[in-house]
There are 2 protein chains.
Amino acid sequence: MPAPERTLERPQAEAGTLSERAASLIEQDILAGHLAPGSRLGIVDLVQRYEIGATPLREGLSRLMSRGLIVGIGQRGFRVAEVSREDLADITCMRTAVEIEAVRLAILHGDAAWEAGIISTLHQMRRHIERTGNEFREGAADFDRLHKGFHTALLAACGSQRMLAAHSDLYDQAYRYRRVMMAAIDSGEGFIRTHQMLADHVLARDVAAAQKMLAAHLHSTIDFVYPSASREQS
Amino acid sequence: MPAPERTLERPQAEAGTLSERAASLIEQDILAGHLAPGSRLGIVDLVQRYEIGATPLREGLSRLMSRGLIVGIGQRGFRVAEVSREDLADITCMRTAVEIEAVRLAILHGDAAWEAGIISTLHQMRRHIERTGNEFREGAADFDRLHKGFHTALLAACGSQRMLAAHSDLYDQAYRYRRVMMAAIDSGEGFIRTHQMLADHVLARDVAAAQKMLAAHLHSTIDFVYPSASREQS
DNA sequence: TCGTTCTTGTTTATCGATATTTTATCTGAT
DNA sequence: ATCAGATAAAATATCGATAAACAAGAACGA
């Protein structure tokens with residue numbers, strides 16, 4: 001049998017079909033900020049950039065469109081989705097709705113493996129901060145993966161594939177805003193403490209406290225990125 | 001200038017780009033039951049069926065994939081999504097999460113126009129039942145459009161585009177199951193009364209009552225379609 | 001009976017052509 | 001002289017057909 005060929009280099013960056021690779025590549029470039037919000041995504045440019053044909057590129061673009069990172073207007077091509085306060089508020093709104101219910105269901109149905117997952121991912125996140133010190137600005141992508149892992153672990157036992165998928169999509173959409181916030185974090189102390197408390201509430205099966213803290217945690221991004229008087233109440 | 005060419009024949013069935021038309025057509029055929037759950041969606045078959053080229057068809061298929069009506073496996077083509085009790089439970093779970101929060105926000109932010117929309121759509125629905133009698137099985141598609149309009153009107157003031165879009169998608173996904181339920185409804189009396197009460201709770205700005213009734217309403221589909229002992233609690 | 005290979009049907013990707021949009025320039029009017 | 005409008009040209013997206021790659025199934029041989 002052939003060697004497994006490093007397939008775990010980047011998450012599904014080397015996936016089988018070219019359409020998926022195109023979608024993955026473009027998504028990563030948008031999330032990383034290499035493709036600025038509002039940029040025109042000309043087919044020919046992308047063909048040269050990624051060395052992928054026009055058809056699989058269009059297919060990947062179409063797939064990304066439904067994830068909210070791309071907007072495509074009829075016959076006028078694709079653009080990277082704009083960032084705005086309204087959009088972040090919308091994302092947060094939807095995230096709150098999904099996660100409030102998902103964490104409730106997870107607390108109801110969660111078993112020992114679920115609890116272990118929360119503790120494990122929280123530990124990994126703490127270790128990462130300890131290792132890299134307070135300077136996790138550079139390795140933001142790596143750290144964010146752990147952060148996403150923790151929040152996913154919180155909801156993992158909710159029993160709904162759609163909820164987990166929606167959470168994953170919304171988390172990725174919020175990443176572009178979170179990048180701004182990350183640079184403003186001075187110490188990892190408060191960050192870890194916040195998440196520790198969140199985990200404690202969840203593991204104590206305290207639905208109300210967990211929901212309240214989760215909602216506040218989600219809203220904190222808005223206040224950080226757009227520090228105007230927040231008129232959106234929970 | 002040229003004549004406007006009947007564009008309102010079916011909602012975006014004659015949309016500009018062929019990809020959208022393909023997506024719309026396939027979606028309608030899946031929802032109407034012409035394409036059975038689990039059916040293979042061979043490209044050549046679809047090309048003959050819709051007289052649309054392979055490329056826009058693939059693009060429409062990709063777009064539908066993210067809406068949950070189509071599943072596509074790597075290099076093994078596309079299939080219509082299966083129906084199952086677990087899938088319906090998943091849809092209901094997600095719908096509950098979204099609508100519970102959306103109706104809360106709508107009640108908070110809703111203005112007079114929002115109230116008027118609820119009353120108007122409820123009235124249309126009642127009139128439709130009165131006109132067609134208790135036999136709204138045949139015109140299920142028309143009636144369902146009014147039903148969707150009412151539920152959309154309930155949430156219209158939630159202020160979140162993503163929530164409204166998610167509601168629309170989930171409503172469509174549930175349509176295949178609701179078809180089964182519609183045939184079991186004997187009289188439109190209870191149906192209208194239920195929705196009248198729901199509207200009353202919402203218009204009275206009673207968040208708790210509206211949420212409770214909405215959740216029960218969503219769960220009623222599960223009990224109708226899969227009348228086994230429901231182990232999923234709200 | 002099991003493994004290998006060939007064949008067939010399928011999906012997927014590339015290329016070329018058409019129609020649409022967009023931009024820039026030119027003309028006319030204020 | 002400047003601005004608005006219209007026309008033309010260039011660029012761009014969409015579409016359809018052809019070719020290659022992949023997976024599954026069947027047949028043959030061990």
Side-chain angles (χ1 to χ4, degrees), chain A residues 1-5 7 12-27 29-30 35-36 38-67 69-82, chain B residues 1-5 7 12-27 29-30 35-66 69-82:
Chain A
M1 65 183 76
E5 290 271 346
T7 59
Q12 74 220 63
E14 315 250 343
T17 152
L18 280 189
S19 305
E20 297 173 22
R21 270 181 58 177
S24 245
L25 256 24
I26 296 172
E27 179 185 348
D29 274 350
I30 292 176
L35 292 171
S39 305
R40 270 186 54 79
L41 291 173
I43 296 290
V44 285
D45 302 343
L46 296 176
V47 167
Q48 294 176 5
R49 193 186 227 279
Y50 300 110
E51 295 177 352
I52 290 180
T55 307
L57 262 175
R58 286 191 57 77
E59 201 168 317
L61 249 18
S62 290
R63 242 175 259 195
L64 246 44
M65 221 173 70
S66 57
R67 299 196 48 186
L69 291 171
I70 299 281
V71 290
I73 327 132
Q75 257 143 335
R76 247 164 291 181
F78 300 91
R79 305 185 85 91
V80 180
E82 291 282 0
Chain B
M1 67 182 76
E5 291 267 350
T7 60
Q12 77 220 63
E14 314 249 343
T17 151
L18 281 187
S19 306
E20 297 172 22
R21 270 181 56 178
S24 245
L25 256 23
I26 297 172
E27 179 185 347
D29 273 350
I30 292 177
L35 293 171
S39 305
R40 270 185 48 80
L41 291 172
I43 297 290
V44 285
D45 301 343
L46 295 177
V47 167
Q48 294 178 4
R49 191 185 229 279
Y50 299 110
E51 295 176 352
I52 290 179
T55 307
L57 260 174
R58 284 191 58 77
E59 202 168 316
L61 249 18
S62 290
R63 241 174 259 193
L64 246 45
M65 221 174 72
S66 58
L69 290 172
I70 299 281
V71 291
I73 328 129
Q75 260 139 336
R76 244 164 294 181
F78 299 91
R79 305 186 83 92
V80 179
E82 290 282 0

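Residue numbers start from 1 in every chain, and the chains themselves are labelled A, B, ... in the order their sequence lines are given, proteins ahead of strands.
Residue B:Ala22 comes nearest to B:Pro56 through the heavy atom pair CB-O, 4.2 Å, listed as atom of the first residue, atom of the second, then distance. Annotation for B:Leu57 and B:Val47: closest pair CD1-N, 3.5 Å, computed over non-hydrogen atoms. Counting all heavy atoms, side chain and backbone alike, A:Ala54 lies closest to A:Ile43 at CB-CG2, 3.8 Å. Contact record, B:Arg63 with A:Ser62: NH2-OG, 3.6 Å, taken as the closest heavy-atom pair. The minimum heavy-atom distance linking B:Leu69 with B:Ile30 is given by the pair O-CD1, 4.1 Å. Of all the heavy atoms in B:Leu64 and B:Glu27, the pair that sits closest is CD2-N, 3.9 Å.
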Detail all sub-3.5 Å separations between protein N/O atoms and N/O atoms belonging to nucleotides 19-23 of chain C.
| residue | atom | partner | partner atom | Å |
| --- | --- | --- | --- | --- |
| C:dT22 | OP1 | A:Arg76 | NE | 3.3 |

List, with names and distances, any nitrogen or oxygen atoms from the protein found under 3.5 Å away from nitrogen or oxygen atoms belonging to nucleotides 10-12 of chain D.
none

Strictly under 3.5 Å: I want the nitrogen or oxygen pairs between protein and nucleotides 14-18 of chain C, one per line.
| residue | atom | partner | partner atom | Å |
| --- | --- | --- | --- | --- |
| C:dT14 | OP2 | A:Gly53 | N | 3.1 |

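Contact annotation: A:Ser19 side-chain N/O to C:dA13 OP1/OP2 distance is under 4.0 Å. For C:dA13, the OP1/OP2 oxygens have a side-chain nitrogen or oxygen of A:Thr17 closer than 4.0 Å.
Rounded to whole Å, atom P of D:dA13 lies 11 Å from atom CZ of A:Arg79. Taking atom CD on B:Glu59 and atom C1' on C:dT11, their separation rounds to 17 Å, with Å as the unit. Residue A:Phe78 contributes atom CZ, which lies 9 Å from atom P of D:dA13 at whole-angstrom precision.
At a threshold of 4.0 angstrom between heavy atoms, the contacts of A:Leu41 are confined to the sugar-phosphate backbone, with no base atom among them. The residue A:Leu61 sits apart from the nucleic acid: no heavy atom pair falls under 4.0 Å.
Between A:Asp29 and A:Arg49 the shortest side-chain heavy-atom distance falls below 4.5 Å.
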